[in-house]
Structures are given as C-alpha cells and as structure tokens.
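Okay, structure first, notes after.
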Amino acid sequence: MNTRSFRYLDLIMAFFVTVLVVSNVASSAKIVDLGFSLFGIRLAFDGGTLLFPLSYVFGDILTEVYGFRTSRRVIWTGFAALALSSLVFLLLRVLPADAEWEAYAGSAAYDAILGGMSTGGIALASLAGYWVGEFSNSVVLSRVKVLMKGRFLWVRTIGSTLVGELLDSVVFVFIASLTGVFGWELFASLVLTNYILKCTIEVIMTPATYLAVFKLKKAESIDTYDVGISFNPFKLQDRTVPQDSR
C-alpha cells in the first residue's frame, strides 16, 4: 500500500463523506414533484438527488488522480459514516421523548421526516446503491483511463457515471420501496428522474471536474494509472504499486 502523504486528499474525503450523509438525510426528508411527465412517467425525485451526484464527481476525481485503491478506501469510509449516522438516528428514535418536544413536534413527525434514516430503510437502500454504484463507477473509470492512455477525460467521467448512477438508482429505489420508504407506484418515476438528474448534473459539472483534476495532478505531482492492481472492493491492502505518469 502506498503510504505517501497528499495535501488535499483529506479535504476531498471530508467533502465526499459530508455529501453522502447529508444527501441521505435529504432523501428521507422530502419527495419533490417537478409537475410534469416524461414518457408518461411523472418526474418526481427524493431530496438527496440534488446533492448526491456530487459524490460521483468526487469519486471521479479520486480515481482519476489518486487511483482506484485510494478511492476504494474513501468509499469504505463513506460507507462507515453513513452506517453510523443511521445508527444515531435509530437510537434517537427509540429513546424516550421529552414531553414538551412531543407536544410541538412529536415522534410521528420524526418518523415521517426521518423515518427512512431512523428505521434503516433509506440507509439500507443508500448503502447498497452507493456501494454498487460507486465501486462500478470507480472501476469503469480506472479501466477506461488505462485503455485510452489517459486521453479524453470526459469520456470516462461521463461513461462511468452512466453505469454507476444507473445501478445506484435502481438498487436504491428498489430497496427503499421494498422497505416501505417509497410507494411502489413511485418506482419508475423515481428511478427515471433520479437517473436523468444525476447524469445531467455530472455532465454540467464536467468543466469543474476537468479543472479540479488538472489542479490536483499538478499540486500533488501524481497521475495514477491502475495497471495490474486488484479491483476487489474488499481488498483494502494491495502491495502492487500503480503506475504514475510523472
């Protein structure tokens, strides 16, 4: 495992984890209806859709600059943070409520807004979707970078997102519907809208991704190519040293 220290890796990890946790709270808190339909499907999305795509932008940057092995560790860090946040909301749900709080807010309101996080529905759905989506996004980007010899960054950032976000959206909405967080009548609407919005945000963020990647590669003096490494998501230690173009 490369133990080299980097100047900005901890900041990117912090933003990545923050985006992940906050977007999941937002997903539990509100469903947004855009008020029109596409292909006969009403376009509605959970609140986290506005922020969650940024985790894929950070994921692209991590894999592109620091490589899959670093991205793998950050993904697991985010996974642990989301699991912990779910446990905290669950603990709050089962602890006895103050009488004054119960009068002006109440457990029913808590369950209605944070039920997805506190009962595990949103957390379980997000953990599964996030795990599948982020790892597939990272693997696709890493492999395409090597195949294309580092050229055409936009092809791999957008292409990997199309794969990762599709898997993420389907798994997330399926498990959230299965656990009763969303009604099944919203399944097609949420999957389609989430996928379209997430991919659109990724495309819009492409210039910013280019700028961040360029600045980080220069500042960190690294441009990692994952040649001969293991893409096993459970293998946190890998002695193979990835190639660096610098």
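Below, all heavy atoms of this structure are taken into account, side chains as well, without hydrogens, waters or symmetry copies.
Applying the ring-ring contact (aromatic ring centres under 6.0 Å, His included) test to Phe16 and every residue at least two apart in sequence or in another chain returns nothing. Shown here are the ring-ring contact (aromatic ring centres under 6.0 Å, His included) partners of Phe58, two or more places apart in sequence or in another chain: there are none. Judged as a side chain to side chain donor-acceptor pair (under 3.5 Å), and not counting sequence neighbours, the contacts of Ser107 are Glu102. Applying the ring-ring contact (aromatic ring centres under 6.0 Å, His included) test to Phe174 and every residue at least two apart in sequence or in another chain returns Trp184. Residues forming a side chain to side chain donor-acceptor pair (under 3.5 Å) with Arg143 (at least two apart in sequence, or on another chain): none. Residues meeting the side chain to side chain donor-acceptor pair (under 3.5 Å) test with Ser55, sequence neighbours left out: Glu134. Every residue meeting the side-chain contact (heavy atoms from CB on, under 4.5 Å) condition with Leu186, not counting sequence neighbours, appears here in chain and number order: Arg42, Leu190. Scored by the side-chain contact (heavy atoms from CB on, under 4.5 Å) test, Asp10 finds no partners at all (sequence neighbours excluded). For Ser71, the side chain to side chain donor-acceptor pair (under 3.5 Å) criterion is met by Thr63, Ser138, not counting sequence neighbours.
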Query - Test log, rule side chain to side chain contact (heavy atoms under 4.5 Å, CB included), inputs Leu166 and Leu162 - result: CA-CA 6 Å; Leu166 177 61; Leu162 291 175; over 6 Å; no
Report task. Could you please spell out the steps behind the side chain to side chain contact (heavy atoms under 4.5 Å, CB included) verdict for Asn24 and Tyr130? Result -> CA-CA 11 Å; Asn24 277 274; Tyr130 156 79; over 6 Å; no
Report task. Decide side chain to side chain contact (heavy atoms under 4.5 Å, CB included) for Thr157 and Met205; before the verdict, give the C-alpha distance in whole Å, the side-chain angles of both, and the deciding distance to 0.1 Å. Result -> CA-CA 10 Å; Thr157 58; Met205 291 294 295; over 6 Å; no
Query raised in the report: Is there a side chain to side chain contact (heavy atoms under 4.5 Å, CB included) between Val25 and Phe89 once you walk through the steps?
Result: CA-CA 10 Å; Val25 175; Phe89 282 114; 4.0 Å; yes
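Across all their heavy atoms, Val171 and Gly129 have their closest contact at CG1-N, 3.6 Å. The minimum heavy-atom distance between Ala81 and Val17, with the atom names listed, is CB-CG1, 3.4 Å. Ile61 and Ala212 make their closest contact through CD1-CB, 3.7 Å (heavy atoms, listed as atom of the first residue, atom of the second, distance). Counting all heavy atoms, side chain and backbone alike, Leu9 lies closest to Tyr66 at N-OH, 3.8 Å. The minimum heavy-atom distance between Gly59 and Asn137, with the atom names listed, is C-ND2, 4.4 Å.
Between Phe234 and Trp76, the angle of the ring planes lies from 30° to 60°, which puts this pair in the tilted group. Note: Tyr110 and Trp101 have perpendicular aromatic rings, judged against thresholds of 30 and 60 degrees for the angle between ring planes.
Under the salt bridge (Lys or Arg N to Asp or Glu O under 4.0 Å) criterion, no residue pair touches residues 78-92, with sequence neighbours excluded. Within the structure, the side chain to side chain donor-acceptor pair (under 3.5 Å) test picks out the following pairs touching residues 198-209 (sequence neighbours left out): Thr161-Glu202. Every pair passing salt bridge (Lys or Arg N to Asp or Glu O under 4.0 Å) that includes a residue from residues 49-65 is listed here, sequence neighbours excluded: Glu64-Lys145, Glu64-Arg156, Glu64-Lys217.
Under a hydrophobic clustering in which Ile, Leu, Val, Met, Phe, Trp and Tyr are joined whenever their side-chain heavy atoms come within less than 4.5 Å, directly or via other members, Leu11 and Val74 fall into the same cluster. Linking Ile, Leu, Val, Met, Phe, Trp and Tyr residues whenever their side-chain heavy atoms come within less than 4.5 Å places Ile158 and Phe152 in a single cluster. Cluster annotation: Val65 is connected to Trp154 through the hydrophobic network of ILVMFWY side chains, with a link wherever side-chain heavy atoms come within less than 4.5 Å. Both Val19 and Met13 are assigned to one and the same hydrophobic cluster, defined by single-linkage of ILVMFWY side chains at heavy-atom distances under 4.5 Å. Grouping the Ile, Leu, Val, Met, Phe, Trp and Tyr side chains by contacts below 4.5 angstrom, directly or via other members, places Val213 with Val155.
In this structure, Leu216 CG and Ser221 OG are separated by 11.5 Å, a value rounded to the nearest 0.5 Å. To the nearest 0.5 angstrom, Leu20 atom CG is 10.0 Å from Phe79 atom CZ. Remark: Thr70 OG1 to Phe6 CZ distance equals 6.0 Å, nearest 0.5 Å. Taking CG of Leu82 as the start and OG1 of Thr77 as the end, the distance is 12.5 Å to the nearest 0.5 Å. From Arg93, atom CZ reaches atom CG of Leu90 across 7.5 Å, with rounding to the nearest 0.5 Å. Phe172 contributes atom CZ, which lies 15.0 Å from atom CG of Leu167 (distance to the nearest 0.5 angstrom).
Proximity of a side-chain donor or acceptor of Glu220 to a complementary backbone N or O of Arg7 within less than 3.5 Å is detected. A side-chain donor-acceptor contact under 3.5 Å links Asp226 to the backbone of Phe68. Not one N or O on the side chain of Arg72 forms a donor-acceptor pair closer than 3.5 Å with the backbone of Phe231.
Around atom CZ of Phe15, no more than 12 heavy atoms belonging to other residues, nucleotides or ligands sit under 6.0 Å away.
Between the side chains of Asp168 and Tyr56, at least one donor-acceptor pair of N or O atoms lies under 3.5 Å.
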